Amino acid sequence: QIAGVVHQHIDAPADLYIDNLGVTPSRQRCGIARRLIALMLEAGHQHGAKTAWVAVESDNAAAHGLYDNTGAKALPITMFSYS
């Protein structure tokens with residue numbers, strides 16, 4: 001599964017937020033996640049997104065590897081959260 005949201009901005013190009021990427025364990029490492037990312041990036045582009053981003057937990061090595069291997073670049077950020 002994968003979900004995404006194209007954010008339309010008044011003062012900047014649209015961007016795509018990728019969320020909830022997951023592949024059932026028995027089907028992992030078969031290229032499904034890579035294909036889902038490619039399809040989501042294409043859908044985002046079709047809706048005007050110039051860039052895409054995804055948040056990943058710092059200790060999720062598998063996700064870091066996947067996004068790195070599909071062309072994403074890790075950026076240092078600070079995240080704020082409300083309870």
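Owing to the predicted nature of the structure, the values given are computational and were not obtained by experimental measurement.
- When hydrophobic side chains of Ile, Leu, Val, Met, Phe, Trp and Tyr are connected at separations under 4.5 Å, Tyr17 ends up clustered with Trp53.
- The hydrophobic cluster containing Leu66 also includes Ile2, Val6, Leu16, Ile18, Leu21, Val23, Ile32, Leu36, Ile37, Met40, Leu41, Val54, Val56, Tyr67, under a criterion of side-chain heavy atoms closer than 4.5 Å among ILVMFWY residues, counted directly or through chains of members.
- Pairs of residues two or more places apart, or lying in two chains, never qualify as ring pair (Phe, Tyr, Trp, His ring centres under 6.0 Å) while including a residue from residues 29-51.
- Taking every heavy atom of both residues into account, Ala14 and Gly48 meet most closely at CB-O, 3.4 Å.
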For residues 76-83, tabulate all N or O donor-acceptor pairs below 3.5 Å that involve a side-chain atom, not counting sequence neighbours.
none

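- Applying the side chain to side chain donor-acceptor pair (under 3.5 Å) definition to pairs two or more places apart or across chains, none involves residues 25-41.
- The main-chain N or O of His64 is never found under 3.5 Å from a side-chain atom of Asp68 such that the two would form a donor-acceptor pair.
- Nearest approach of Lys50 to Pro13, heavy atoms of both residues: CG-CB, 3.4 Å.
- In this structure Glu57 satisfies the side-chain hydrogen bond (donor to acceptor under 3.5 Å, both in side chains) test with no other residue, sequence neighbours excluded.
- Shown here are the side-chain hydrogen bond (donor to acceptor under 3.5 Å, both in side chains) partners of Gln1, two or more places apart in sequence or in another chain: there are none.
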